[in-house]
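Reviewing the structure listed below.
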Number of protein chains: 4
Amino acid sequence: MSPRTKEQIAQIRRESRQQILDAALLLFAQNGFHNTSISTIAKEANISKGLVYNYFESKDDLLRQIVETAMQIGDDFAGHLELDDQDPVQSVHQTIDDLFSMLEQNPTYWKLIISLSLKEDIMLRFKDQLKQQAQKNLAYLTNYFRQLQIPEPTNHAMLYAAALDGIFLHYIYAQDLYPLSDMKDFLKRSIASLLRQKIDDR
Amino acid sequence: MSPRTKEQIAQIRRESRQQILDAALLLFAQNGFHNTSISTIAKEANISKGLVYNYFESKDDLLRQIVETAMQIGDDFAGHLELDDQDPVQSVHQTIDDLFSMLEQNPTYWKLIISLSLKEDIMLRFKDQLKQQAQKNLAYLTNYFRQLQIPEPTNHAMLYAAALDGIFLHYIYAQDLYPLSDMKDFLKRSIASLLRQKIDDR
Amino acid sequence: MSPRTKEQIAQIRRESRQQILDAALLLFAQNGFHNTSISTIAKEANISKGLVYNYFESKDDLLRQIVETAMQIGDDFAGHLELDDQDPVQSVHQTIDDLFSMLEQNPTYWKLIISLSLKEDIMLRFKDQLKQQAQKNLAYLTNYFRQLQIPEPTNHAMLYAAALDGIFLHYIYAQDLYPLSDMKDFLKRSIASLLRQKIDDR
Amino acid sequence: MSPRTKEQIAQIRRESRQQILDAALLLFAQNGFHNTSISTIAKEANISKGLVYNYFESKDDLLRQIVETAMQIGDDFAGHLELDDQDPVQSVHQTIDDLFSMLEQNPTYWKLIISLSLKEDIMLRFKDQLKQQAQKNLAYLTNYFRQLQIPEPTNHAMLYAAALDGIFLHYIYAQDLYPLSDMKDFLKRSIASLLRQKIDDR
DNA sequence: AATGAATGAGCATTCATTCAT
DNA sequence: CATGAATGAATGCTCATTCAT
């Protein structure tokens, strides 16, 4: 009877919205966007079909907001990329740790994102943003290799960027069977060995 | 007057079938499986909707046959992988050349395949086959590194396999903007440098 | 304002469901199952095509439920068949009255059922049930003739069972032109005459 | 090379036509009209799809001609019905034998016909013809009972006509399990007993 | 805010029929 | 006479979306 306060309503809205987003993410990643109906999402989120449209304009909009969150995370990550000139090696190790941890914390999420990243129609609007992120990440790596005076810093950066995405792809595909931790360590050692090699080159 | 000969019919069937496959491949890769209707495929192939079903049992079957062709190519590739003990370096260079050439010759094709490889429902039936291919490729690389007495051959193999797939992913995504040739050359040089490094290590 | 109550919804569902069943029954009986499209049923029921699937899983399911209702009625009828030993003649007269009344009350229904009973594919799942009903009815009649010490009770039962179904067939076919009442009376008299005949035989 | 003679061609046409009719009858009776495609009929008849249209205007026409043949048989049967005044009992026994033999010789055929006889759309054009046949048959029976001075000849005729159709229905439904011969004999005895009864009534 | 009945556009698939050979 | 590739209308069914309550 007693009417809910503004704050209570806002709280309910926030929670319902998140429930929908969580359910949608899970189902999209699991069964694909087209094989997931609004009905199923509503069921998974324990709400009614109609309510979804109270929070999202359309199914496309729902997807868009999920991707946007991912892009935001990616932007944040790229935004914080800054090479500590005092200790570039440690800095890159930290970056790698962060990256892998991000992946491990929510593989479902990134599975969906990578899967989507190949869908032209959906990613069209995010293409620029994605390109910028890639650019930033590449610049960071290039800068790193250049500072350590490793030859062909751009090529090295591109190769390691590819290796990173490749590892992610393989991890997403093989999931628990993939030795993600081992690869992370080996990646670090591989980069470290580049340094040694350079020194030896002298 | 008289009906067409067996050979004439076979010829007609071969051509129509290929037209459909080509149209479907193009559209699936461009717009995704679910965003491509049989109607659209028929229009692109300049035939009627109904005729598609004269050649393929269903839309799923059409996709399956496209993927099967790809898997066949992959199987053939993996099947021919054999390290020439006399000249392992040259052998691997050749393999890399072949791989990149395969990609460059039909990027649309591989774009679709990679895109599909993340769709559980569609790839379910190909999962084992795919795993075997990956296994073979990995074994080939591991064997290579081991023969050249490079330390941690398995890790190196996995890293380079990831790098390869990452490069492919980036190429597919950026298409013409991606310096695929440069990366190929650099990849070779990178592997070559491993050898030098090993020798230096002594 | 607030959503409908459970009871309101149940009421709406009951009504819509019945509307669909009625429309489907009418059209199936009139034009046959295959010549009746879901679209037509929806139009007849004054609802949209899609709504049909809110109540029935498929067109087949819709038919199945119609037939199931009929089978239920038949089961109930066969279930209540019990010969009153005190007055078997009256008991059978009552049964005949019930049977004819069932037919007259909803000829459309039984027309559909008889028509369907010859469609192997549709009736496959009901075959056992139907056979049991026939068995029960036959046993009832046989028992009746045996109790009245009429010779060849099984043959008499089978003949009268055939006569009954034949009358129904003719009635369904000729509808209003068929003297159903007259046949009912004559049927009773015919059976009665069997009794007299037996007595005369002595 | 040598051109076929007119007669040869006519012969071929007759045979092909019959092959199609046979195949269609079999499949219609087995799977129903709507569940039988022209393609399947052609396959069963070992000819090409297109050829069917060389002999029949349409699928409906094919059915129509099948039914027409049946109607013709029925007409012939009804046409030959003539009560031998010298020996009406024997005459009716003969008729019953002929009727049952017709059924036993080609149950598939009559199964289809009975099944179709309830399909308004298909039988519309045959309704009058069918009604006339029924009329004739009824007249024959009525005449028989009247000649034998059995009371209520029309009612008796209708009852036995119904019994006959009921027996046919049951036979078609239960096929091999049905004691058709027994019922035929019992039917005859039942009619014979009517005569005795009448005599006893005096 | 919440519900779920109702709508209708869209799509895969079937199949009678045509027609070039 | 004979073939089967080709067509396209028809139909069952799904599902995003709307809306009365």
Side-chain angles (χ1 to χ4, degrees), chain A residues 3-4 8-10 12-13 16 34-42 47-62, chain B residues 1-6 8-9 12-13 15-16 34-42 46-60 62, chain C residues 1-6 8-9 12-13 15-16 34-42 46-60 62, chain D residues 3-4 8-10 12-13 16 34-42 47-62:
Chain A
R4 280 178 277 237
Q8 277 174 322
I9 288 178
I12 289 173
R13 281 195 72 86
S16 291
H34 287 285
N35 287 318
T36 304
S37 71
I38 291 286
S39 225
T40 318
I41 295 172
I47 56 157
S48 75
K49 219 181 347 168
L51 195 55
V52 175
Y53 290 86
N54 221 317
Y55 294 94
F56 302 93
E57 286 195 352
S58 66
K59 197 186 170 188
D60 268 319
D61 181 47
L62 180 48
Chain B
M1 280 300 138
S2 40
R4 280 174 274 233
T5 67
K6 283 259 159 79
Q8 278 174 321
I9 286 177
I12 288 173
R13 284 193 73 85
E15 281 168 12
S16 291
H34 288 288
N35 286 317
T36 304
S37 74
I38 291 287
S39 230
T40 318
I41 294 172
N46 284 315
I47 55 157
S48 73
K49 213 171 9 146
L51 195 57
V52 175
Y53 291 88
N54 221 319
Y55 294 92
F56 301 92
E57 287 196 351
S58 64
K59 196 184 170 189
D60 265 318
L62 180 48
Chain C
M1 280 299 139
S2 40
R4 281 176 273 234
T5 66
K6 284 259 160 78
Q8 278 174 319
I9 286 175
I12 288 172
R13 284 193 74 85
E15 282 168 11
S16 291
H34 288 288
N35 285 317
T36 304
S37 73
I38 291 286
S39 234
T40 317
I41 295 172
N46 284 315
I47 55 157
S48 74
K49 210 173 11 146
L51 195 58
V52 175
Y53 291 89
N54 222 318
Y55 293 91
F56 302 92
E57 286 195 353
S58 64
K59 197 185 169 190
D60 266 318
L62 180 47
Chain D
R4 280 177 277 238
Q8 278 175 322
I9 287 179
I12 288 174
R13 280 196 72 84
S16 289
H34 288 285
N35 287 318
T36 303
S37 71
I38 292 285
S39 223
T40 318
I41 294 172
I47 55 156
S48 75
K49 219 179 348 164
L51 196 54
V52 175
Y53 289 87
N54 221 316
Y55 294 93
F56 301 93
E57 286 196 351
S58 65
K59 196 186 170 188
D60 268 317
D61 181 47
L62 180 48

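Keep in mind that what you see is a predicted model, and the values were worked out from it rather than measured.
- Figure legend. E:dT18 is base-paired to F:dA5; pairs are counted as Watson-Crick or G-U wobble with both atom distances under 3.5 Å.
- In this structure, A:Thr36 reaches the sugar-phosphate backbone alone: every heavy-atom distance under 4.0 Å involves primed, P, OP1 or OP2 atoms, never a base.
- If you check every strand for non-hydrogen atoms under 4.0 Å, C:Ser58 touches sugar and phosphate atoms only.
- Atoms CG (A:Leu62) and P (F:dC15) sit 16 Å apart, rounded to a whole Å.
- Interatomic distance, D:Leu51 CG to D:Ser48 OG, rounded to the nearest 0.5 Å: 5.0 Å.
- A heavy-atom distance below 4.5 Å is not found between the side chains of A:Lys59 and A:Val52.
- A 3.5 Å limit on both hydrogen-bonding distances identifies no Watson-Crick or G-U partner for E:dA1.
- Residues B:Gln8 and B:Ser37 both approach DNA chain E. Their nearest nucleotides, taken by heavy-atom distance, put B:Ser37 toward the 5′ side.
- Here the closest heavy-atom approach between residue B:Tyr55 and residue B:Ile12 is recorded as OH-O, 4.2 Å.
- Note that the OG atom of D:Ser37 and the CD1 atom of D:Ile41 stand 7.0 Å from one another [nearest 0.5 Å].
- In this structure, NZ on C:Lys49 lies 5.0 Å from OG on C:Ser39, to the nearest 0.5 angstrom.
- In this structure, C:Asn46 CG and C:Ser16 OG are separated by 11.0 Å, a value rounded to the nearest 0.5 Å.
- Spacing between atom CD1 of D:Ile38 and atom P of E:dA16 amounts to 5 Å, rounded to whole angstrom units.
- The environment of B:Gln8 atom CD is dense: over 12 non-hydrogen atoms of other residues, nucleotides or ligands sit within 6.0 angstrom.
- One interatomic measurement links the two molecules: CZ of C:Phe56 to C1' of F:dG12, which rounds to 16 Å at whole-angstrom precision.
- Contact check, C:Tyr53 against F:dC13: a side-chain N or O comes under 4.0 Å of OP1 or OP2.
- Distance NZ (B:Lys59) to P (F:dC13): 19 Å, rounded to an integer number of Å.
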Give the B/S/- string for nucleotides 4-9 of chain F, one per nucleotide from 5' to 3', where a protein heavy atom under 4.0 Å of the base yields B, of only the sugar-phosphate yields S, and otherwise -. BBBBBB

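- Protein atom CD1 of A:Ile41 is 12 Å distant from nucleotide atom P of F:dC15, rounded to whole Å.
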